[in-house]
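Order of the sequence lines fixes the chain letters, A, B, ..., with proteins taken first and strands second; residue numbering starts at 1 for each chain. Since the model is a prediction, treat every value here as computed from it, not as a measurement. Side-chain atoms are counted along with the backbone in the values below, which use heavy atoms only and exclude waters and symmetry mates.
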Amino acid sequence: MESLPRVSGAVLDVLEALLRPDDELYGLKIARNAGRKTGSVYPILARLEEAGWVTSTWEREDRGTRGPRRRLYQLNPEGLSAARTLLAQRRNATGQYVGGQSRTSRPSPTLGFLSSRRAAQ
Amino acid sequence: MNGVLVGFVLVSVLLPIVVGEARDVAPWIAERLVLWGARRLRSKDMVDRYSEEWLADLEQVPGKVVQLFFACGVFFMAVPRLRWQFRRSEARRLGILTLAKEWYSDEVNAVVRLDVPEPEALETRTIVVTADKLDQIVSTTTIPPHPANQTSQRHIEVQSLFGVSPAVLERTSASCFRFVMKLPRVLRRGDRHTYGTVTRIPNGQWMQPHYCFVPRHRQERLTVRVRFHPDRQPLHVWKLTAWEGDVTDDHVHAWEPLILDASGEVYADFHDLLPGCRYGVRWQLDG
């Protein structure tokens with residue numbers, strides 16, 4: 001697993017969204033949970049995947065619909081540990097991340113793309 | 001009075017119709033935009049993956065107009081960033097970014113000989129020095145594994161023909177090699193120097209059926225001549241120009257076919273090469 005060369009506030013938000021106890025995290029949902037635009041979240045997910053933090057798989061085809069499958073993202077064990085460490089380091093300084101628990105006060109807009117860009121943490 | 005009436009008709013009758021039509025056509029535009037964006041990723045694997053992923057996510061977006069916003073976000077934000085990331089990671093994989101930016105190739109002329117027992121590429125390269133002083137050149141070569149023989153260890157031999165003395169050849173990954181060559185004299189900024197090397201794939205190792213060149217900087221010219229063995233003539237040959245995707249037969253429809261001449265050779269000429277893109281020749285042998 002590679003270290004991330006550049007960790008922006010958006011990357012931290014995406015990591016935090018990936019830490020949520022949800023086994024159906026696809027790009028749009030991650031963007032919503034992170035409060036970030038989908039246009040920036042897909043490249044971040046690609047970077048995390050290339051660096052070996054995240055694995056992605058196609059959802060099962062027996063979801064009841066025939067059509068395009070969603071791509072589901074998940075932190076792998078190493079990525080999980082590294083994400084928790086990184087978030088604890090970065091968020092603790094501002095008191096925004098405590099003990100591996102996601103923040104509950106984060107605004108969660110209907111669509112990530114429409115959300116306003118927050119300042120980097 | 002008439003003007004007011006016309007304005008009233010336009011606002012009260014035509015505008016809702018236009019808005020309604022636009023709302024109805026928005027999902028169609030959104031779908032096309034997402035697919036068009038995915039196709040710009042070039043690599044077939046990436047195109048297939050993101051086409052399906054984005055269409056699936058698009059289905060989850062509530063509201064026809066909002067779907068259009070989602071598609072615009074993908075097309076105008078995600079796609080350019082992903083293209084840049086993929087190009088950068090490809091360049092890193094090939095070792096391009098690790099090379100010292102002390103010189104660039106202005107012109108490369110390559111002759112690939114497949115009519116000899118050990119395939120070889122004779123390259124003549126003219127470089128331009130951008131550093132204050134330069135006494136050696138570092139170059140990389142990648143010999144990707146053949147699909148039928150993925151696991152075997154690959155080796156190459158590099159010899160100097162003229163203009164440089166070979167110093168070190170080292171393996172940087174399973175298929176990537178770094179070659180350090182000593183220059184005959186110290187070159188200064190702006191100097192041009194031409195040297196020649198020959199790279200061989202020994203011991204009957206399988207090789208991918210292509211020769212590709214990836215410039216680090218903008219490059220003026222590249223010529224590639226491939227000479228095939230008389231008993232192993234290719235069924236098809238293609239020219240790859242500014243190609244950003246994988247070099248697999250899945251993309252042959254996008255490449256320009258080349259015709260073998262009477263000597264069993266093909267020739268391709270390239271100008272104004274773009275950094276990070278592939279230029280070269282791909283062939284398909286019988287069986």
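- The 12-atom threshold is exceeded at CH2 of W58(A), counting heavy atoms of other residues, nucleotides or ligands nearer than 6.0 Å.
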Subject >> Derivation and outcome, side chain to side chain contact (heavy atoms under 4.5 Å, CB included), residues E53(B) and S56(A) >> reply: CA-CA 11 Å; E53(B) 179 175 357; S56(A) 69; over 6 Å; no
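- At a threshold of 4.5 Å between non-hydrogen side-chain atoms, the residues V61(B) and L28(A) count as touching.
- Atom-to-atom distance recorded for E50(A):CD and F86(B):CZ is 8.0 Å, nearest 0.5 angstrom.
- Atom CZ of R71(A) sits about 11.5 Å away from atom CG of D57(B), to the nearest 0.5 Å.
- The pair E59(B)-R69(A) does not meet the salt-bridge criterion, since no charged nitrogen lies less than 4.0 angstrom from a carboxylate oxygen.
- In this structure, the portion of Y50(B) lying under 4.5 Å from any heavy atom of chain A is its side chain and not its backbone.
- The two residues Q85(B) and P43(A) come nearest to each other via the heavy atoms NE2-O, 3.1 Å.
- Y42(A) places none of its side-chain heavy atoms less than 4.5 Å from the side chain of V79(B).
- Contact detail for S40(A) and M77(B): the closest heavy-atom pair is N-CE, 4.0 Å.
- Residues R70(A) and Q60(B) are in side-chain contact: their nearest non-hydrogen atoms beyond the backbone lie under 4.5 Å apart.
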